[in-house]
Novice: 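Dropping the structure in here first, questions after.
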Amino acid sequence: MSDNKQDSVAVFPGSFDPVTIGHIDLIKRSVAVFNKVIVAVACNQEKTPLFTVSERIAMIEGVFCTTPQVKVETFDGLLIDYMKNNNVHVVIRGLRAVSDFEYEFQMALMNRKLAPGIETFFMTSSALYTYVSSRIVKELASLGGDVSDLVHPLVEARILEKYRIS
Ligand code: PNS
C-alpha cells in the first residue's frame with residue numbers, strides 16, 4: 001500500500017460546521033490511502049453557520065494536530081477551481097446511506113463535467129457513524145442534549161461555549 005500512495009494528495013471538502021466523529025473517521029482512513037489529505041472548508045455554504053470558517057478550521061487543526069499528513073484550508077467558489085489552483089486531482093466524499101448517494105452522484109458528475117481530470121472517490125462511513133451529521137449535532141446540542149460521543153472533546157467544548165451551556 002505504501003508504494004501506491006507516493007506523492008498522492010486528496011481533498012476532503014465540506015462545510016464542517018462543526019467537524020464530527022464521522023468526518024474524523026473518514027479523514028483518518030483517507031490518510032491511510034493518501035500521502036496528504038487537504039481538508040477544505042467551504043466558505044459561504046450556509047447563510048447562518050454556527051461557526052465561522054476560522055473557528056471550523058481551528059477545530060479541525062486541533063483534532064489533527066499530531067497528524068502532519070492532514071492540512072486544513074478554506075476555499076470559496078467552485079471546488080474544481082480550488083483543486084486546479086492547487087494541482088489536486090482527487091476529491092473524497094463520504095457516503096453514510098443510500099440517501100446521500102443521489103446528491104453526491106450529481107455533484108461528482110457535475111465536477112467531472114467541469115473538470116474531466118478530477119476524480120471523486122467515495123468512502124463509506126463506518127456503520128457506527130451513519131446517523132451522525134453536523135446538523136443533527138447542532139440540533140441536539142441546541143436543545144441541551146449530550147453530544148460527547150458525536151464529536152471530539154475539543155469540538156464539544158466549542159459547541160458548549162456557543163450555546164452557553166457549559
Ligand atoms: O459538508 P457538505 O455541506 O456536504 O459539503 C458540500 C461541499 C462544500 C463539498 C459542496 O457543496 C461544494 O463543493 N461546494 C462548492 C461549490 C461547488 O463546487 N459545487 C459543486 C459544483 S456546482
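In what follows, residues are counted from 1 in the order of the sequence shown. Counting starts at 1 for both ligands and their atoms, in listed order.
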Novice: For Y103, counting its heavy atoms only, list the atoms of ligand 1 lying under 4.0 Å from any of them.
Specialist: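 In order of numbering, the contacting atoms are 11 (O).
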Novice: Between D17 and R135 (salt bridge meaning N to carboxylate O under 4.0 Å), is one present in this structure?
Specialist: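 No salt bridge links D17 with R135.
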Novice: So, taking the atom named NZ in K84 and the one named CG in L79, what distance separates them when rounded to the nearest 0.5 Å?
Specialist: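 Between K84 NZ and L79 CG, I get 11.0 Å after rounding to 0.5 Å.
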Novice: Do the side chain of T120 and the main chain of V91 share a donor and acceptor less than 3.5 angstrom apart?
Specialist: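 No, T120 side chain to V91 backbone: no donor-acceptor pair under 3.5 Å.
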Novice: Considering only the protein, which heavy-atom contact is closest to atom 11 (O) of ligand 1, and what is its distance?
Specialist: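 Answer for atom 11 (O) of ligand 1: Q45 NE2, 3.1 Å.
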Novice: Taking the basic N atoms (NZ, or NE/NH1/NH2) and the acidic carboxylate oxygens, is any pair closer than 4.0 Å for E73 and K71?
Specialist: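 Salt bridge present between E73 and K71.
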Novice: Nearest 0.5 angstrom please: S125 OG to R29 CZ, how far?
Specialist: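 Reported to 0.5 Å precision, the distance equals 7.0 Å.
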Novice: Quick one: which of L79, D100, V41, L109 has a heavy atom closest to atom 13 (O) of ligand 1?
Specialist: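 Shortest heavy-atom distance from atom 13 (O) of ligand 1: L79.
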Novice: Please check if the side chain of T52 supplies one atom and the backbone of E55 the other of a donor-acceptor pair under 3.5 Å.
Specialist: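 Indeed, once roles are kept as given, a pair shorter than 3.5 Å links the two residues.
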Novice: So which of M83, R93, R135, M110 gets nearest to atom 6 (C) of ligand 1, if we judge by its closest heavy atom?
Specialist: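 Among M83, R93, R135, M110, the closest heavy atom to atom 6 (C) of ligand 1 comes from R93.
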Novice: Classify the side-chain pair S148/D146 by whether it contains a donor and acceptor separated by less than 3.5 Å.
Specialist: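 Checked: S148/D146 side chains pair up, N/O donor to acceptor below 3.5 Å.
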Novice: Report yes if some N/O of E104 lies less than 3.5 Å from some N/O of ligand 1; otherwise report no.
Specialist: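 The answer is no, given that E104 and ligand 1 share no N or O pair closer than 3.5 Å.
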Novice: Relative to atom 15 (C) of ligand 1, which among A42, P13, G77 owns the nearest non-hydrogen atom?
Specialist: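 Heavy atom nearest to atom 15 (C) of ligand 1 belongs to G77.
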Novice: Considering non-hydrogen atoms of the protein only, which is the closest contact for atom 10 (C) of ligand 1, and what is the distance?
Specialist: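 Result: M107 SD, 3.7 Å.
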Novice: Closest by any non-hydrogen atom to atom 17 (C) of ligand 1: pick that one out of D17, L78, V11.
Specialist: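 Considering heavy atoms of D17, L78, V11, the nearest to atom 17 (C) of ligand 1 sits in L78.
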Novice: Under 4.0 Å, heavy-atom basis, I'd like to know which part of N111 is in contact with ligand 1: side chain, backbone, both or neither.
Specialist: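 Contact part for N111 vs ligand 1: side chain (C-beta onward).
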Novice: Any idea which part of F12 is under 4.0 Å from ligand 1, heavy-atom wise: side chain, backbone, both or neither?
Specialist: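 Neither; nothing of F12 gets under 4.0 Å from ligand 1.
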Novice: To the nearest 0.1 Å, how far is atom 3 (O) of ligand 1 from its closest protein heavy atom, and which atom is that?
Specialist: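 Protein heavy atom at minimum distance: S15 OG, 2.6 Å.
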Novice: With a 6.0 Å cut-off (strictly less than), is the heavy-atom count around CZ of F122, excluding the residue itself, greater than 12?
Specialist: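 For F122, atom CZ is crowded (more than 12 foreign heavy atoms under 6.0 Å).
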